[in-house]
Every structure is written in structure tokens, then in C-alpha cells.
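The structure under discussion appears below in the form of C-alpha cells.
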Amino acid sequence: MNGRARNIIIGLDGVPYELLKDLSDSGVMPNVGALIQKGTFRKMSSSIPEVSSVAWSSIITGANPAEHGIFGFTDIPPNTYRLSFPNFDNLKVTPFWEKDNNSKHVLLNIPATYPARKVNGVLISGFVALDLEKAVYPEDLIPNLAEIDYKIDVDSEKAHRSLELFIKDLNRTNEARIAAYRHLWVKEWDTFMLVFTGTDRLMHFLWDAYEDEGHKHNADFKNFFKRIDESIGEILSRVDDSDNVIILSDHGFEKLEMDVYVNTVLIKGGMLKLKEGAASNYSNIDHGTKAFALDPARIYINLKDKYPRGSVDPKDKKSVIHDIIRRFENLLFEGTKVIRNIYKKEEVYRGRFMDMAPDIVLVGNKGFNLKASLASGEIFSKGVFTGKHSQHNAFILINKKELINIPEYPSVSDVIGIINSLNGGGQWKANSTTENVPAGTARP
Amino acid sequence: MNYLDKLENQSIFIIREAYAQFRNVAMLWSIGKDSTTLLWLVRKAFFGKIPFPVVHLDTSYKFNEIYEFRERYAKEWGLNLIVGRNEEALSLKMGPEKGKFECCTMLKTDALKKVIEKYKFKALYLAIRRDEHGIRAKERIFSPRDEDFEWDYKNQPPELWDQYKTKTRTEEHIRVHPLLGWREIDIWEYIKREKLPIVSLYYSKRGLRYRSIGCACCCNPVKSNADTVDKIINELKTSRISERSGRAQDKESAYIMQKLRSLGYM
């Protein structure tokens, strides 16, 4: 441990600033509440788009998506319409632990770190990890994890059939995560990073249970956060004041009022054409398509020379973008504007991989959940989900008050810099190539 | 005792034990090498006349060679064959192009649920092996499933000193895995010794052979010149390619898609 202060980073996937504050104030999360009193608690902006793989990639690298190369859970490589699933191998810059090989790191359940690779310490990948055997470094930990019934993620499929089964599995997965952290805590380390991802899953399906005291799963919702708080309390009891404890989320959450299908807007506007009679997937994008969207609301211009049935001449790109922006600016649901922000890529991204970036990214207004499914016939509909991600209200909570250099409203790509300043040095140099760029995290 | 004899004896013991315990049982036969080996052992256990049905889950997308093999040996071995098909899903044109994971769920899992519901089987014999796939390493020989087919592997009775736990709560069905301890190479050594007929897809043609078979649309052959059982055994002794590699890629994407869909993406 070289006598240095240790860094303990606890991620609470998707937990919004306001919810953490509320559950602390109301006594569900007393340990977090005490830490808020004692330390520094800020609202933080997420990546654009506000999905976990993008945001956590920014958190662990300090880079914006055009630098780290992760723009979403899905991608379509140029010259194809083949959907691909970027993973840890596609991350273009190194995460903090690979820049600091002299320290020992324990990294448990960070999203977008699959497949696991060598580290000076331990890495157990988070969502989307397929196979535990490829999710664990070093391999000899696999039997220990099997022993505690470690599971990478709750089976969210269950929630579509039975919320009771889902809650049972969620708690079981969370207990195994806690058992894994305890098992790993006793190892030698300088940095311990643990992400609880069950919070995000719970809020997707049961945000309504949080807002409604009379909801039959209201207690289940609170109990889950109570259990997280107990674990945080346990961790805090195991550290001393010189250690840095950073608790943070990657994006926020809010009530889902309506799903909004971005590709359906494009289809109805005649800008996206799928082959007649074929399945609704990207490989059936037809000639005449001007643009298509990937989840949640990343719009790509279907340029000639870039895609197999590219239909937009580069010289017309500007006017197509203009046309799309106008459509989404004017998109209304029962008189309410659906889209809050429309970003052209130059406004939010900067880096070596601008070519991979979507041409336009939309961020929805409160309650509007933007989706890219090609298969929805309707622009607006409502599914089983009651909560949705939000871009503006992630949080960061640090056990120190006198901080050097924390912005009033930081973004996820500032986290590495903040930890560096806590450590009084720069051993975790951020990957950002430019100063003060919006870093994929323009502030609304 | 020769180790193949040991494996054979142990499997036959499990097969008889499960039948004595549950009576209303059936065996799943995918017509691949493992379940055909299991079928052979079941025939041996009951002296050629199997006292329960053999179920083939037919997605309608299997290789022709599989259907030919099924017809020929169902007849030759006098099997009481149940073909499980999800006709409802097939009439709605369910197929791999609608999503491989959905296709598997509808045409295999749901087809099996329908069969179990119809015949009220208490136990099913399956030919899974521990060395096939990471997660299967945790399987037990007698493995309970709940009403949602969920395998609660935390709540498994221990099987210490080979004391198989065949007793269980009545509302579930039990999966019986007589081949759990066999390795891929044991299967082939046994096929060789018993001169077992096996679907021709396993033997190399034009430099390619299948190491694992299922639906024609979702299996890829591996590079191989092994066109006899001996050559296959030889190949397995040196190969570092995993058995299910020919089936993995699409499944991985399908799995990710399913995970993402369950969270509202895609």
C-alpha cells in the first residue's frame, strides 16, 4: 500500500442526485446521509448519450466518447448495416488502472469492462458480460466466485413476467456482489472500485414504486437501497480518514411518462426506408434512406460511400441535418415539446474518433424516453418500464470537504481529474487531449 | 475396470435409479452425439426396450441428416418417439431471422414446456456434460427446475459420496444428467467401442466437420480432416478449439441483444 492514501470508489448505477438526497433525508440511507453532511456532494452531468457503457467508459478514462470510442451499447461499423456490440476491447484509451501499474487495483463490476484483461490486481467485468470465465482476472478467482454464487447481472427478463421473481433475483444478485466485495476486500490493494448495478435495474422497472408510498413494492424498493447503504456503512467502517472515498453514479433517473421512437419519426417523415416485407432490422435499411438512429437517440446520416446503400451526397449532408433537427424541434406530445436538446456532433464530441460519432444526438425532455427500435409502428407508446435514464442529474459524493479543483457541476469525464486532485498528484492522467472540452457532457 | 466401463456402469445406475423413483419420465434426444450415446445407455439399462418416451424437440430448422437419422433409428430401435413442436409459433413464421434468442426460446424452451405440460413428466433425462460449458460445471446429476424452468443452483441438494438426491418437492420436474461426468473425448471413445451410429455431420467433408450440431441455421463447422472416429479422437487430443465454438458467435450477439432488450433497448 506504499503508505499512500487509498482510493475507494463506489458506483451506484443510475442513481440520481435527488433520490440519494431524499433517501438520506428520510432515513433509508443513514450512512450516506452522514457522509453528505461530512463531505462534498454535487450533482454531476452524464455522458451524451446517457447510457452506462458510455458514461462508465468516460469515468474510468477521463475521456469523451470521441476519444474513448464507446458511443452506446450498439454500433454499426462503416460499410455495413451490421449491428455490433462494442465491448472493453473496443475502448480506444486506457482506463486509470492500466496507467498506474505500480498500484494494486480491485475492480468489481464496472460496466463495459468485458472481456476482462490483465491488471495488477483483480478485474471482474460488469454488464454486458456474457461468460463468467471471460469476465474474471485472474482466473483462479472463478471457483471462489462460483462458491458464493456470483452473478454478473440480474435476469431482467424476469421483470417482464413477474416482478416478484425479478425482485428475488435482484436481491440474490446483490447479495452475491456484497459477498464478492468482502472476499476481495482482504486482498492487498491501493484502489478498490465497486459498482452496484442493481440500482439501475430496480429503477427501470419500479420507479413507480419509489414515487408511490402505497405501491405494493414500495418497501422492496426502499429495502434495496437500505441494503446498499448498509454495505456503504460497512465499507466506511473499514477505511480511515486519510483514505479517499468517492461514491458516484453514471447517470440519473426519472419517471418515464412516454417512450418515443426516434426511428419511427424518421420512417414517418420518409427519411428512413426498410425493405418491403423484411424483418425490421438494420440490415434491411433500403435505398433512399437519409438517416437512421441507434439507441437511445444517436442519429447517423446515411452517407454515400460510408454505408452500403448510402443515399445522401456529402454536399447535401448539411441540409439533411437541418431537416432532421427541424423535425425533432417541432415534435410534440399532447402539446408538450418532446426533445430538450439537439446536439450536432461537433458540439459535444472532440477527439480522434469523430468519424465514429453520430451526426446528431437527442436528449429528451423530462419523462420522454427516447428509443431507436425499428420495429415500433407508433412514435409514442408505453411499455413495462416506469423509470428512465436522465442526463443532467448523476451525482458525486466525496468524504472530504476541502477539495482542490472540483467543478461546481462536474461531468462524468471530470471524475479522474477529481480523484487526481484528491491524491495531490496526477498519476491517473486523464486521456483528454484538449482542455475544457464539453467532453460529451454539455451542461443543459 | 476399464474407465469406459466405469462411466457406463455409473450412467446406467443413474438411469435405473431415476426410473425407479419417478416412473413418469422421458428422455430428450437431440440426435447429436451425446444424446445418442445416452439413448444407447438407456437401451442397455433396460435391455433394449425403453419403458418411456423419447422426446425430440423439433424446431423445423434441423439439418436434413438429423431428420433422416431420427426416422431410421426410431424405427430400428423401436422408440416411443414424441416430436415436440411449437406449432403455434411456427404458424406465425417464427424463425432465426426474427431473433435467434427468441427463436430458441419459442421453438425449444416453449416446445418443451408444452410437452411437459401435456404428458406431466416428473423427470427428464438430458445428455449434458460438465465440460461442455462453464455454467454447466455447477450442474448436479439430479437437478430440480421450478415452474419457470429456473435452475436455482443455490438450492441444490448436495451429492456427497455419490449419494444421489432423487427426492424432491412434487411441483417441480427433475432433470437427470447421467452423462454429467463424461468428457467429449470419452463420448468418442465410447462411440468407437460400441460402434455406435452417429449423424454423418460429425465426420469431415471437404475439410470441414461439425463438433456440435443443432439447427442448420445456427451451427458452423470447424476446419478438420477427421473423417473417421479414430481421426476425431486424435484431433480432440490436440485441439485447443472449444467444442461449442461453432455455435458460440451468433449466440453471443443474441444473448447481448436479449439482455439489452430486457432493459428496453433495441
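Quick note on labels: first sequence line is chain A, next is B, and so on, each numbered from 1.
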Under 4.5 Å from a heavy atom of chain B, the part of [X] involved:
X	value
Leu132(A)	neither
Asn281(A)	side chain
Leu83(A)	side chain

Test side chain to side chain contact (heavy atoms under 4.5 Å, CB included) applied to Leu107(B) and Asn86(B), Leu57(B), Asp58(B), Leu112(B), the passing residue: Asn86(B)
Taking only residues two or more places apart in sequence, or in another chain, which ones meet Phe88(A) in a ring pair (Phe, Tyr, Trp, His ring centres under 6.0 Å)? none
Name all residues meeting the ring pair (Phe, Tyr, Trp, His ring centres under 6.0 Å) criterion together with Phe85(A); count only those two or more places apart in sequence or in a different chain, and write none if there are none. none
Distance-only side-chain donor-acceptor flag, His389(A) / Asn369(A), under 3.5 Å: no
